[in-house]
Structures are given as C-alpha cells and as structure tokens.
Amino acid sequence: MSATDTTTTEAGRDFIRDIIQDDVDTGRVTTVVTRFPPEPNGYLHIGHAKAICLNFGVAEEYRGRCHLRFDDTNPTKEEQEFIDAIKRDVHWLGFDWGEHLYHASDYFEQLYEWAEYLIREGKAYVDDTPPDQMRSQRGTLTEPGQNSPYRYRSVEENLDLFRRMRAGEFPNGARVLRAKIDMASPNMNLRDPVLYRILHAEHPRTGNAWCVYPTYDYAHGQSDAIEGVTHSLCTLEFEDHRPLYDWLIENLPVPAHPHQYEFARLNIAYMVMSKRFLTRLVHEGRVSGWDDPRMPTLAGVRRRGIPAAALRDFVRRSGITKSNSVSEYASFEYSIRELLNRTALRRMAVLRPLKVVVENWSEGRTETLEAINNPEDPSAGTRPITFGRELYIERDDFMENPPKKFFRLGPGREVRLRYGYFITCREAVKNAAGEVVELRCTYDPATRGGNAPPDGRRVQATLHWVAAADAIKAEVRLYNHLFTRPDPGADGDLMADLNPNSLEVLHDCLVEPALAATPIGEAVQFERIGYFSADPDSTPGKPVFNRTVGLRDTWARVQTRG
RNA sequence: UGGGGCGUAGCCAAGGGGUAAGGCAGCGGAUUUUGGUUCCGCCACCGGAGGUUCGAAUCCUCCCGCCCCAGCCA
C-alpha cells in the first residue's frame, strides 16, 4: 500500500475522491489541482471548513496542490480585513497554500480580453436594458424569456460599447455584457447570463483601475482554467451553473478544461452558517464580534478553545455527499471531547463556590499534595496542590435533602476530595435567608491523597475543590447555543430565534493557582465540569476562561429524566 | 403543468442484483480517586406502489416528499 493509499484511507472515501481516483487511474489527470475560492466579504465559518478540508485534503492525498484564490469580483462587498482574516483562519485550520495565493482580480485583464473574444465570435453582446426590465424579459421558471432588443448588435458596435464601458463612460447599471446563449433554456443560468457589469467602486486590490467587473459565473471557471485547476469543487447550489461553466470553457481559448463537481454544504443543528446573517449579528452588536466564542466562524471556534484538529475530525466524520443534511450538535461535541480528553491538562476550578471548614484541621496549617495532570497521558506528570482548613467546593455538590440517586455531599455524608482527603459533613451553616453558606466538616487523616482508608470504607463520590489559602479568582464564561431551536429561522425570522441566554458570565469563580498563567487559547479540563480555554480578555491578576464544551454529564441526564 | 439534485435507523453515512458497514445519539452492564474516560452488549429489511428475477436497498415503471434556480451576489 502506498503512502497515498494510506492517507486517503484515513481521510475516508467519498464520491469526489472516487472521481479523482478514476481520473488519476485513467491518466486523464496527472497532477491533481484544486482550489479554495472564498469571497472576501466576511469571515470563514464551519461550513467553509468542510470545503477547505476537502480541497486541501484531496490535494495532499494525491500529492497535488490546492490554491487559495480570493474570488474578489465584487468590490462593493469585499474588504482587505476579510482577506487577512481568511488567510489566518485557513492556516489555523492546518492548511498551507504555499506559493499558490491568487486572486480573481489577478486575471481581470485576461478575462477582459476573453470577453472581447466572445464578442468577436458573436457570442456576447452589450445590453442596455435596465435591470428591472431585464428581469421581466428573463421569463419565469415555466415560461421562456424574450430576446433583448440589443441582442443583435453588430460586433463592431458591441466592441465599441464594451470598450467605452471599461473606459468609464457609463454610470452603474447603464449596460452589461451578456453571453448570447438561449433565452428559452429551461436552465435560467443559460438565458443570456450577465458577464460584466459596471461598478464604479474602489477594489481592495486593483483600486480604481477598473469600473467593469466580471460576474462570478464568468470569472470562476476561467480562473480555474488559468490556474490549471483540475477539479473545481463547489456546493450544490452551483449545480445549475455547471452547464454555463462548461459553455464558457468550451467557447473560450482557455489553456485548460477544468471540471466542476458539487457536494452538499455542512450544517449543524442550532447553528446558522449564513455569512449574510453572521454579518448582521456583528453589525447589530448581537455578539461581541466575528470572533465571539458563540459564533460558528473559525475565529469564534478558535477563541472558544476548539482545536483545529477537532474540527477537522468532525468534518471527516460527517462525510462528503450530495444530500442536504444537518449534523447533530452532539456529533460536533464528540469530536471536541475526543481530542481534548487525550490532550487537555486537568485542573480544579470551582465555578460556584461553597465554603467548607475542616474542623479537625488546625488553623493555619496547610499541606502539599500531588495531583495527576492527565490520567490519559502519564507523561503530563503531576503538580502540587494545597490542602488546608478552609476549602471551597461546588455548590451543586451539596444538597441538604439529597434524593436517592444523589451521590455527593449532604449532612452526615462522606465524600472524597480529589487528591485530598475524605471529608464528612457535620453541619450546614445557613444565613438569615435560610441559604446554606458554609459547611462544617471533618477529615480522615487515613485518607491522605484521596486514598481509601485501611478499613476499606468507600465513598460514592469524588469532588473537586480548591484551598482558600491559594485559590485565585477567575471569570468564567459559559456558552449555550446561539439559537433556541435546532432549525433557526424555520419560522422565517432568524433574529427571533436568538437565544437570550447564550452567554452566562460567572465572576466569582475560584481556581487552583496552576491556572493563573494559562496560555491564551490552551485547553484545560476543569475536572468534573468541562473543557475550558483562557480568553484574550484575561489579565495578569484575573484569568478569564471560556467553556469550550462541557463533560458528558450523566447525572444531569438522570435528573431531567426524573 | 420548467430545469437541476436528493431520499438507507433519532442524526451523519457505507453498500449499486445474492440476502443491510461504521460513527454520533440512546439503552443495559463492567471498570473507575473526574456521575469523565475506557470496555462489553442491544438498537434498520433501505420514501411508497407495482414489475423483472431463483433472489432487489441495489434493475425497470409510476407515484410521494425535500432542496436549489427567475441578483447587473457568490
């Protein structure tokens, strides 16, 4: 088995790879060339991750190459900020385009020349029809369109007009260049599609050099051909465009004949992958920015603490097909936990502190114990932790009147404090409002390190805790779905489905000192709670943690089940 | 009453004439100093109806459902 076989096996098989394999086997293609062609009008999201993994993945597997090409044909929507962000995100995801960074705008001159070629061949014409009128002439899904009165202009007149369009003689929308195909085609894309429109706008890269810009349909395939792309992979909604893609390739003197293949987009329940909508969330301040940890953007995913490898794993497990699908959120979480369980260091953090006083532990005395950094990875070693008379445990871990299935602390009950000692609750101290504010407990010296005592006594639960002596304060941000329903917008209004409780900020958390200097973005597991990562908002005195994903919580499930 | 796609378990997804892979979720059990992890077990006759065949999820016919297309967006 060759190295190629190995990597493709790891990536999984799918109909795209089958097609490519066949093209390679039959010699139709010698070097596989793909491309990831984002429009720089927003940030990349999880949906794009699928396209990136597919295009770059396939290129790697076949020892070919994948180009990063910005589809910058509409200067009214595109910005340099997005170009920079996209490059950053593709790199973060783990892919490298090497020397192959391109822009559709690099080909504007060539594309223009080919447009004149089409005119000279009598296959394109300048149309003066106003937009609204052109719409009505296009016909409907069931009725053919009507030929524009400008469809039969002479080559000379078309050339003259097109050149004057380029020269800037006409205002926006005054005229367009159209391909002369078939106004009666059942495929709307073939009813004389627009190839060029007038746009007096400054382009992020070409500045004011142009005032006519090619449309996606005209620019895309030709850019593929120029770059020698062999397999142009895109999403399902472009399936109807393939006949036009092919028509242009066949009618232009392009240097190569690339082929387009379509696959289904990646969707996840409770998430929205619409760039248009994400832009709105940012502009209207519904989230803190493109990198808000609740956003499905790669920048948001990164800040949330989700490793790129986990995203790649999820994409791989989701597969590549042509059927529309919506993956469950749990499936995404699985990939995240699967990776983090193996790699994240364990730490103890108390999100909602409840004070514990160990009555038989002398005032002022502390002791250093040893805690394992990662039970899944012995090489991660151990760290020292402090035990003392005053401790804090999670409020949820104590119940005054515990139900049958509750294993944790309650009056008279004994539990293990992880890597510490067994403690028994002797009394729950309440405030005037009747709320439990402190637990008076005793510890068993024979259980040092959390080990079972010689008498073989066992406990039902092990709790995480921190010592008042050296715990530090931290802010923890808990995230929930950005939307309240798995199919946001199904009733027509996405905004109405925004979850008002998608962010919960906890200000008085207490964490063990080893967490004081957690590198930004590094994942840690807060034992028994979940995976967290330090947010850029952290300050030297007070770290801020984002909950990446919670641990599977069987107890919570038992509770809701009743 | 146009064209292009898609329909296999709650979700994702193999299989393309020989009698239903795998993963996620769920359920049951074992182990466990995380009610975590790990491990074991359970969980489908393939949108519907006909037909062809010794035999069909796989071939044929008809039907049903869902998605996309009427931007000078991509």
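Atom CD of A:Glu239 is separated from atom P of B:rA74 by 20 Å (rounded to the nearest Å). If you take CG of A:Asn74 and P of B:rA74, they are 5 Å apart, rounded to a whole angstrom. If you measure from atom CD of A:Glu376 to atom C1' of B:rU34, you get 10 Å, rounded to the nearest angstrom. Rounded to an integer number of Å, the gap from A:Leu244 CG to B:rA74 C1' is 13 Å. Between the NE2 atom of A:His241 and the P atom of B:rC73 there is a distance of 13 Å, rounded to whole Å. Atoms CZ (A:Phe263) and C1' (B:rG5) sit 15 Å apart, rounded to a whole Å. Look at CG on A:Asn324: it is 10 Å from P on B:rC6, rounded to the nearest Å. To the nearest angstrom, P of B:rC12 lies 17 Å from CZ of A:Arg265.
Within the nucleic acid shown, A:Pro144 has no heavy atom closer than 4.0 Å to any nucleic acid atom. Contacts of A:Ser185 with the nucleic acid, taken as non-hydrogen atoms under 4.0 Å apart, are absent. At a threshold of 4.0 angstrom between heavy atoms, the contacts of A:Arg242 with the nucleic acid are absent. Among the heavy atoms of the strands, none lies under 4.0 Å from A:Tyr213. Residue A:Phe406 is in base contact, counting any heavy-atom pair closer than 4.0 Å across all strands shown. A:Thr140 comes within 4.0 angstrom of a base, heavy atoms only. A:Thr235 comes within 4.0 angstrom of nothing in the nucleic acid, heavy atoms only. Using a 4.0 Å heavy-atom criterion, one finds that A:Gln525 contacts the bases of the nucleic acid, with or without backbone contacts as well. No contact: A:Asn41 has no heavy atom under 4.0 Å from any strand. Counting any heavy atom pair closer than 4.0 Å across all strands shown, A:Arg317 reaches sugar-phosphate atoms only and no base atom. Among the atoms of the strands shown, only primed sugar atoms or phosphate atoms (P, OP1, OP2) are found under 4.0 Å from some heavy atom of A:Val194. Among the atoms of the strands shown, none is found under 4.0 Å from any heavy atom of A:Arg191. Within 4.0 Å of A:Thr142, counting heavy atoms only, lies at least one base atom of the nucleic acid. Counting non-hydrogen atoms under 4.0 angstrom, A:Val459 reaches nothing in the nucleic acid.
Judged by a 6.0 Å distance limit and a 45° cone about the ring axis, A:Arg69 is not positioned over the six-membered ring of A:Tyr102.
Where A:Glu237 and A:Lys275 each meet RNA chain B at their nearest nucleotide, the meeting point lying more 5' is that of A:Glu237. Of the two residues contacting RNA chain B, namely A:Asn189 and A:Asp397, the nearest-nucleotide position lying further toward the 5' end is that of A:Asp397.
Taking only side-chain nitrogens and oxygens, A:Arg557 comes nearer than 4.0 Å to OP1 or OP2 of B:rC27. A close approach under 4.0 Å does occur between a side-chain nitrogen or oxygen of A:Arg197 and OP1 or OP2 of B:rA74. Under 4.0 angstrom from either OP1 or OP2 of B:rU37 there lies no side-chain N or O belonging to A:Arg342. Contact between the side-chain N/O atoms of A:Thr462 and the OP1/OP2 oxygens of B:rU34 is not found at any separation under 4.0 Å. Phosphate proximity of B:rG5 to A:Ser323: absent, as no side-chain N or O sits under 4.0 Å from OP1 or OP2. In this model, the phosphate group of B:rC73 is not approached by any side-chain N or O of A:Thr76 to a distance below 4.0 Å at OP1 or OP2. Between A:Arg552 and B:rU37 there is a side-chain N or O to OP1 or OP2 distance below 4.0 Å. At B:rG71, one or more side-chain N or O atoms of A:Arg138 fall inside 4.0 Å of OP1 or OP2 (strictly under the cut-off). The side chain of A:Arg13 places no N or O atom within less than 4.0 Å of a non-bridging phosphate oxygen (OP1 or OP2) of B:rA13.
We find that the ring of A:Tyr334 and the base of B:rG23 do not stack by the test of centres under 5.5 angstrom and planes tilted less than 30°. The stacking criteria are not both satisfied for A:Tyr216 over the base of B:rA74, which would need a centre-to-centre distance under 5.5 angstrom and an angle between ring planes under 30 degrees.
Across all strands shown, B:rG2 forms a Watson-Crick or G-U wobble pair with B:rC69, both key distances being under 3.5 Å. Base pairing annotation: B:rU37 forms no Watson-Crick or G-U wobble pair, as no partner gives both donor-acceptor distances under 3.5 Å. With a 3.5 Å ceiling on both atom-pair distances, the Watson-Crick or G-U wobble partner of B:rG22 is B:rC12. Base pairing analysis places B:rA49 opposite B:rU61; the two distances defining the Watson-Crick or G-U wobble pair are each below 3.5 Å.
Rounded to whole Å, the separation between the C1' atoms of B:rA44 and B:rA57 comes to 11 Å. Taking atom P in both B:rG16 and B:rG7, one finds a spacing of 15 Å when rounded to whole Å. Rounded to whole Å, the separation between the P atoms of B:rG22 and B:rG15 comes to 14 Å. Distance check on atom C1': B:rG29 versus B:rC63 gives 47 Å, rounded to whole Å. If you take atom P in B:rG4 and the same atom in B:rC62, they sit 15 Å apart, rounded to whole Å.
Anti is the glycosidic conformation of B:rG22, whose angle departs from 0 by more than 90°.
Looking at A:His220 and A:Arg35, their side chains do bring a donor and an acceptor atom within 3.5 Å of each other. Residues A:Tyr112 and A:Glu116 bring a donor and an acceptor atom of their side chains to less than 3.5 Å of each other. With 3.5 Å as the limit, one finds no donor-acceptor pair spanning the side chains of A:Glu527 and A:Gln525.
The ring of A:His464 has its center no closer than 6.0 angstrom to the ring center of A:Phe526. Taking the ring centroids of A:Phe407 and A:Trp555, they lie at or beyond the 6.0 Å cut-off.
No hydrogens or angles were tested; on distance alone, nothing pairs the side chain of A:Asn341 with the base of B:rU37 as donor and acceptor under 3.5 Å.
Checked by atom type and distance alone, the side chain of A:Lys275 pairs as donor or acceptor with a backbone atom of A:Glu39 at under 3.5 Å. Judged by distance alone, with hydrogens and angles left aside, the side-chain atoms of A:Glu78 form a donor-acceptor pair with the main-chain N or O of A:Asn74 at under 3.5 Å.
Considering A:Trp465, A:Tyr421, A:Phe422 in turn, A:Tyr421 is the only one that fulfils the ring-ring contact (aromatic ring centres under 6.0 Å, His included) rule with A:Tyr443.
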